[in-house]
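The block underneath contains the structure these notes are about, expressed in structure tokens.
Remember, it's 1-based here, ligands and their atoms both numbered in the order they're listed. For reference, positions follow the sequence shown, starting with 1.
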Amino acid sequence: MTIQGLTVALSKGRIMDETLKLMAAAGMPLPEELDSRKLILRSPGGEVDFILAKPVDVPTYVEYGVADVGIAGKDVLVEAGRDLYELLDLGIGKCKMSVAGLPEQQSHYSMPRVASKYPRIATEYFRSRGQQVEVIFLNGSVELAPLIGLAERIVDVVETGRTLRENGLVVQEDIMDISTRVVANRMSFRLKSTAIDEFVGRMRAVVEKGEVLR
Ligand SMILES: Nc1ncnc2c1ncn2[C@@H]1O[C@H](COP(=O)(O)OP(=O)(O)OP(=O)(O)O)[C@@H](O)[C@H]1O
Ligand SMILES: O=P(O)(O)OC[C@H]1O[C@H](OP(=O)(O)OP(=O)(O)O)[C@H](O)[C@@H]1O
């Protein structure tokens with residue numbers, strides 16, 4: 001098994017199931033004891049170790065090399081700004097990063113406020129458009145901000161649009177398309193190239209067939 005010796009950081013939460021389905025279809029060794037509370041799991045043959053990480057922490061584990069490979073959303077990767085190799089788009093966890101707000105709201109702040117769980121993406125987006133804004137970091141339920149007057153606009157991910165709709169908000173601008181990516185540590189990419197190539201090659205074959213998840 002050429003995949004021997006890899007440590008893979010998986011994002012817990014919403015993209016975990018689909019990631020595991022893709023890995024199963026790719027014939028990858030899968031973690032045992034998934035229904036336990038353990039955070040480091042191993043494949044039955046001991047070839048691969050899996051770290052079950054909070055999504056936002058995956059880039060950190062990979063940059064520091066405690067995981068060779070990581071699976072994380074493009075939103076998390078761009079926000080983290082870590083020095084990683086991005087190797088593959090898995091085509092799952094699809095959504096958009098967008099600017100949203102109340103419809104037809106007049107600005108009443110001298111410096112408009114933007115609330116976001118993604119302060120770096122929000123800051124860079126408005127800076128690139130030459131707009132001065134104050135970005136306010138929130139950890140979640142960002143849609144609250146325009147409703148209670150904390151900020152006029154938000155920058156957040158939109159998937160079905162339901163959360164915006166049910167809170168009377170509308171998309172004003174799209175910033176980027178988001179999906180789940182495979183990233184690698186730069187040193188691991190050289191020292192474990194056989195294993196990483198095998199992992200990515202198998203996953204790519206399944207993604208390109210596009211047959212997996214239904
Ligand atoms: N509707 C959606 N909302 C949020 N993220 C989505 C959505 N659809 C796909 N994604 C992708 O799934 C990834 C993981 O989302 P998830 O909600 O599990 O993590 P999280 O936002 O860090 O949540 P938590 O803070 O609860 O751990 C996101 O980084 C994004 O790439
Ligand atoms: O367009 P939709 O399909 O409604 O999905 C988008 C919503 O999903 C995410 O929230 P999540 O459930 O992760 O909670 P959070 O607000 O605490 O991040 C995101 O932050 C939006 O609020």
Numbered atoms of ligand 1 (with element) below 4.0 Å of Lys117, judged on heavy atoms: 20 (P), 21 (O), 25 (O)
Which segment of Asp156 sits under 4.0 Å of ligand 2 when only heavy atoms are counted: side chain
N or O contact, Lys117 vs ligand 2, cut-off under 3.5 Å: yes
Enumerated ligand 1 atoms positioned under 4.0 Å from heavy atoms of Gly13: 18 (O)
Any Ser11 heavy atom less than 4.0 Å from ligand 1: no
Residues Arg153 and Glu173 bridged, charged N to O under 4.0 Å: yes
Geometric cation-pi criterion, Arg42 with Phe50: 6.0 Å, 45°: no
Heavy-atom pair with the smallest gap, counting every atom of Val155 and Tyr118: O-CD1, 4.2 Å
Gly161 N/O under 3.5 Å from ligand 2 N/O: yes
Presence of salt bridge, Lys117 and Glu79, under 4.0 angstrom: no
Polar contact flag for Lys54 and ligand 1 (N/O pairs, less than 3.5 Å): yes
Numbered atoms and elements of ligand 1 in range of Ile15, under 4.0 angstrom, heavy atoms: 12 (O)
Within-shell test, Val56 vs ligand 1, heavy atom, strictly < 4.0 Å: no
Under 3.5 Å: N/O of Glu159 near N/O of ligand 1: yes
Which segment of Ile178 sits under 4.0 Å of ligand 1 when only heavy atoms are counted: side chain
Atom 8 (O) of ligand 2 - nearest protein heavy atom and its distance: Arg14 NH2, 3.9 Å
Pair Glu124 + Arg120, salt bridge at N-O below 4.0 Å: no
Atom 11 (C) of ligand 1: nearest protein contact (heavy atom, Å): Gly93 O, 3.9 Å
Proximity winner for atom 17 (O) of ligand 1, if only heavy atoms of Arg14, Lys12, Lys74 are counted: Arg14
Ligand 1 N/O within reach of Tyr118 N/O, cut-off under 3.5 Å: no
Nearest neighbour of atom 22 (O) of ligand 1 from the list Ser179, Pro55, Cys95, on a heavy-atom basis: Pro55
Under 4.0 Å to a heavy atom of Val76 - the qualifying atoms of ligand 1, by number: 29 (O)
